[in-house]
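Here's the structure, in structure tokens; my notes come after.
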Amino acid sequence: MRTSRTLLSTLKEAPSEAELPSHRLMLRAGFIRRLASGIYTWMPLGLRIVRKVEAIVRAEMNRAGAVELSLPVVQPAELWQESGRWQAYGPELLRFRDRHERDFVLQPTSEEAITDIARSELKSWRKLPMHLYQIQTKFRDERRPRFGVMRGREFVMKDGYSFHADFADLQREYWVMHETYTRIFTRLGLAFRAVAADTGAIGGTGSHEFQVLADSGEDAIAFCPGSDYAANVELAEAVAPAGGRPAPAQAMQKVATPGKTSCEAVSEMLGLPLATSVKAIALMGSEGGIDGGPERFVLLLLRGDHSLNEIKAAKIPFLNPFRFATGEEIQKHMGCVPGYIGPVGVSGFKVVADRSVAAMADFVCGANDAGYHLTGVNWGRDLPEPDLVADIRNVVAGDPSPDGKGALELCRGIEVGHIFQLRTKYSEAMKAVFLDDKGESRPMEMGCYGIGITRIVAAAIEQGYDARGAVFPAPIAPFEACVVPIGYHKSAAVKEAADKLYADLLAAGVDALLDDRDERPGSMFADMELIGVPHRLVVSDKGLAAGTVEYKGRRDEKPSMLPQGEAVASVRAWLTPA
RNA sequence: CGGGGUGUAGCGCAGCCUGGUAGCGCGCCUGGUUUGGGACCAGGAUGUCGGAGGUUCAAAUCCUCUCACCCCGACCA
């Protein structure tokens with residue numbers, strides 16, 4: 001490609017709408033342009049990156065035996081009513097009517113449409129297993145689209161669905177996909193980690209997320225450097241402290257703590273470590289999910305330096321679902337204003353202690369008297385044992401790893417892939433059954449596997465950029481190499497050498513860009529760096545006189561010289577994976 | 001959905017408080033000089049000041065409503 005023939009629309013200054021580095025750079029580099037909130041045009045250069053990501057994903061999916069098809073973006077409501085998701089899916093599901101007043105949706109994902117295919121086409125065990133996938137536009141009407149294509153409303157996703165005769169075969173495919181995703185993200189050149197994930201509303205027995213590691217990631221990941229344990233913080237287990245509960249050493253005392261309504265403030269005033277305090281969180285919980293029973297007051301206890309994990313809490317039967325209690329409700333059940341509530345001397349509701357709290361002795365907590373806290377509090381002596389001890393907190397760095405192989409560390413990640421064992425949720429709801437080898441009708445076991453294609457582009461930049469622009473791994477850079485001639489429109493020798501170098505690169509299978517614009521060198525260098533081309537070759541009269549071409553890798557500090565005749569072979573070699 | 005903020009030329013912004021000729025930088029067009037890190041000189045084009053209504057002799061500026069967008073939070077296959 002020649003720069004003069006493509007649409008290279010770089011900006012010196014980023015539009016003010018962008019905050020995240022990848023978003024700003026994608027706008028500046030001319031990869032995307034916003035059309036509406038969370039909806040972007042992929043400009044020619046950006047689309048090249050998308051296509052390269054797609055090609056790698058497609059190649060590895062095919063290699064793993066999955067088969068590509070394409071499902072409609074617009075799908076009839078009937079299908080969604082059949083699975084129950086017409087009701088269950090919130091306003092993220094974009095619904096609309098056609099001219100005949102029939103309801104339709106824009107696919108946010110396609111379990112229904114694919115299950116419909118499966119039930120009509122896969123009627124015999126002889127046709128199983130079957131793994132079908134598509135790379136397609138998705139739409140989710142996000143409450144708050146943000147960070148450009150990182151969390152847009154319209155995006156491209158690879159979604160695959162596998163169908164199996166039994167659970168064992170689903171598990172086999174699940175691990176094939178685990179391996180395939182590992183190959184994909186490795187080939188994409190990204191630093192990533194596969195982490196155990198919460199299965200969420202979708203249920204099932206197993207789920208892994210593939211997270212690209214980046215400080216700006218929306219997800220927190222706990223991992224153990226001494227083993228392969230890694231889990232989303234939503235899921236990561238906080239194990240009970242080793243050694244159990246120490247014996248009481250102090251008497252319980254009531255101390256005045258006027259105006260100190262937080263564990264931090266109380267600990268600071270008393271000169272005690274934050275980890276010796278207990279914070280009480282008042283919830284209103286009910287049992288039985290969405291249709292739930294009557295709400296009941298529940299008191300949760302966490303160590304002062306810990307935070308509540310709402311997903312874990314919601315797994316307690318009488319807290320599914322829950323909400324935070326209001327000030328009035330706290331006053332009613334505790335007889336005290338928020339800020340000074342505690343578990344001592346209370347009754348009439350359940351008290352749930354985090355594992356770490358249950359192992360504490362001589363702790364500090366609210367006295368249920370405005371302006372006072374208690375110190376030296378001990379379980380069994382000053383208050384009854386909690387009604388329930390559970391893991392309800394977020395793990396913190398330094399916590400023991402659940403596999404016992406060291407201490408956990410935390411990092412942040414961008415979710416770019418997610419694999420699920422769906423089991424029979426959709427096949428049962430939509431009667432996707434097959435005849436097994438005994439002639440019996442059974443629902444198919446299903447797996448589903450997603451990769452956020454467009455999100456990967458943003459994640460790759462988030463993981464690789466500097467002050468000058470994007471720094472792409474070569475496999476997904478918009479171009480692998482560029483030729484920047486100095487004096488292309490002035491020097492016949494430079495033009496001839498640059499054209500030849502460019503042609504030779506193409507002939508060698510290098511995806512090359514020739515900057516044939518009549519621009520000053522500084523402008524051309526700046527643009528090539530902004531769009532993140534990994535390899536740059538500069539042709540100039542000065543170099544030609546010495547028989548050299550200047551080379552500079554995108555991450556290199558200084559350029560170096562290559563003999564003119566070796567430039568193509570060198571670039572070719574650098575692009576070939578070891 | 002709650003909180004905060006911003007809408008003025010393609011992009012970044014000033015002007016608004018204190019009403020009176022709509023500005024600056026970059027980009028764009030023409031000509032010239034330049035050509036190894038986003039050049040310089042001269043000339044030029046581009047705005048329903050997000051929209052509607054109101055106050056006023058007069059509104060980018062004051063008032064009301066509205067729309068769009070961004071940030072924080074909550075939410076989330």
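Numbered from 1 within each chain, the chains take letters A, B, ... in sequence-line order.
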Which one is paired to B/rU46, where only Watson-Crick or G-U wobble pairs with both distances under 3.5 angstrom count?
none
Interatomic distance, A/Phe147 CZ vs B/rC69 P [rounded to whole Å]
17 Å
With distance as the sole criterion, is a donor-acceptor pair present between the side chains of A/Gln134 and A/Asp159 under 3.5 Å?
yes
When both distances are under 3.5 Å in a Watson-Crick or G-U wobble arrangement, the nucleotide paired with B/rA39 is B/rU33
Can you tell me the distance, in whole Å, between the CD atom of A/Glu17 and the C1' atom of B/rG10?
13 Å
A/Glu142 near the nucleic acid: base, sugar-phosphate alone, or nothing, with a heavy-atom cut-off under 4.0 Å?
nothing
Given B/rU34, B/rC69, B/rA77, the nucleotide with the shortest approach to the side chain of A/Arg520:
B/rU34
Pair A/Met430, A/Leu79 - check side chain to side chain contact (heavy atoms under 4.5 Å, CB included), show working.
CA-CA 8 Å; A/Met430 297 181 61; A/Leu79 223 44; 3.8 Å; yes
Answer with yes or no whether A/Glu519 presents, from its side chain, a donor or acceptor under 3.5 Å of a partner atom in the base of B/rG38.
no
Please give, in whole Å, the distance from B/rA77 C1' to A/Glu209 CD?
11 Å
Starting at CD1 of A/Ile39 and ending at P of B/rC70, how long is that distance when rounded to a whole Å?
11 Å
Could you tell me which nucleotide pairs with B/rG73 by Watson-Crick or G-U wobble geometry, both distances under 3.5 Å, or answer none if nothing does?
B/rC1
When rounded to the nearest Å, what value does the distance between C1' atoms of B/rA58 and B/rU18 take?
16 Å
Whether A/Arg455 engages the ring of A/Phe155 as a cation-pi pair (distance to the six-membered ring centre under 6.0 angstrom, angle to the ring normal within 45°) should be assessed.
no
Base, sugar-phosphate, or nothing: which does A/Val538 touch, judged by heavy atoms less than 4.0 Å apart?
base
Could you check how far NZ of A/Lys490 sits from C1' of B/rG36, rounded to whole Å?
14 Å
Between B/rG54 and B/rA14, how far apart are the two C1' atoms, rounded to whole Å?
28 Å
Heavy atoms under 4.0 Å, any strand shown: does A/Arg140 hit a base, just sugar-phosphate, or nothing?
base
Please identify which of these residues, A/Glu111, A/Glu428, A/Glu445, meets the salt bridge (charged side-chain N to carboxylate O under 4.0 Å, His left out) condition with A/Arg423.
A/Glu445
Closest to the side chain of A/Arg143, out of B/rC75, B/rC70, B/rC76, is B/rC75
Quick note, A/Phe420 side chain, CB onward, closest among B/rA77, B/rG37, B/rA74 is B/rA77
In whole Å, measure the gap between the P atoms of B/rG53 and B/rA60 for me.
14 Å
Would you please say whether a donor-acceptor pair under 3.5 Å links the side chains of A/His131 and A/Glu173?
yes
Reading RNA chain B from 5' onward, which residue's closest nucleotide shows up sooner: A/Arg34 or A/Arg146?
A/Arg34
Please determine if a side-chain N or O atom of A/Ser523 lies less than 4.0 Å away from the OP1 or OP2 oxygen of B/rG37.
no
Of B/rG37, B/rG12, B/rC72, the nucleotide closest to the side chain of A/Ser16 is B/rG12
Which of the following nucleotides, B/rC13, B/rC75, B/rA39, is nearest to the side chain of A/Glu310?
B/rC75
Say we look at B/rA45 and B/rC29: how far apart would their P atoms be, to the nearest angstrom?
15 Å
Using the P atom as the point on both nucleotides, what is the distance between B/rC40 and B/rG4, in whole Å?
44 Å
When you compare the side chains of A/Gln75 and A/Ser110, does any donor N or O come within less than 3.5 Å of an acceptor on the partner?
yes
Pair A/Arg323 + A/Glu295, salt bridge at N-O below 4.0 Å:
yes
Round to the nearest Å and state the distance from A/Ile419 atom CD1 to B/rA77 atom P.
18 Å
Given that both distances must come in under 3.5 Å, which nucleotide forms a Watson-Crick or G-U wobble pair with B/rA14?
none
For a quick check, tell me whether the side chain of A/Arg28 and the base of B/rG38 share a donor-acceptor pair closer than 3.5 Å.
yes
Separation of the C1' atoms in B/rA74 and B/rG3, to the nearest angstrom
11 Å
State, without any angle test, whether A/Gln136 and A/Ser70 hold a side-chain donor-acceptor pair at a distance under 3.5 Å.
yes
If you look at every strand shown and take non-hydrogen atoms under 4.0 Å, does A/Ala14 touch a base, only sugar-phosphate, or nothing?
sugar-phosphate
By the 4.0 Å heavy-atom rule, please label A/Pro108 as base, sugar-phosphate, or nothing.
nothing
The Watson-Crick or G-U wobble partner of B/rC57, with both key distances under 3.5 Å, is B/rG20
Would you state whether a donor and an acceptor, one from the side chain of A/Glu550 and one from the base of B/rG36, lie under 3.5 Å apart?
yes
Watson-Crick or G-U wobble partner of B/rC65, both distances under 3.5 Å
B/rG51
Round to the nearest Å and state the distance from A/Phe525 atom CZ to B/rU35 atom C1'.
11 Å
Checking all strands, does A/Arg33 fall into the base, sugar-phosphate, or nothing category for heavy-atom contacts under 4.0 angstrom?
nothing
First of A/Tyr449 and A/Glu19 reached from the 5' end of RNA chain B, by closest nucleotide
A/Glu19
Under 4.0 angstrom, heavy atoms only, what part of the nucleic acid is A/Arg468 near: base, sugar-phosphate, or nothing?
base
Nucleotide of B/rC71, B/rC76, B/rG37 approaching A/Lys552 most closely (side-chain heavy atoms):
B/rG37
Using the side-chain heavy atoms of A/Arg144, tell me which of these nucleotides is nearest: B/rG38, B/rC69, B/rC71.
B/rC71
So if I take every side-chain heavy atom of A/Thr10 and compare against B/rG73, B/rG38, B/rG36, which nucleotide ends up nearest?
B/rG38
For A/Arg24, answer base if it contacts any base atom (sugar-phosphate contacts may also be present), sugar-phosphate if it contacts only those atoms, and nothing otherwise; contact means non-hydrogen atoms under 4.0 Å.
nothing
If you look at every strand shown and take non-hydrogen atoms under 4.0 Å, does A/Ser540 touch a base, only sugar-phosphate, or nothing?
base
When the C1' atoms of B/rG27 and B/rA9 are compared, how many Å lie between them, rounded to an integer?
11 Å
Distance, rounded to the nearest Å, where A/Leu530 contributes CG and B/rG27 contributes C1'
15 Å
Candidates A/Phe210, A/Phe192, A/Tyr174 - the one meeting ring-ring contact (aromatic ring centres under 6.0 Å, His included) with A/Tyr181
A/Phe210
Expressed as a whole number of Å, how far does the P atom of B/rC24 sit from that of B/rG38?
25 Å
Nearest of B/rC76, B/rC26, B/rG36 to any side-chain atom of A/Ile486?
B/rG36
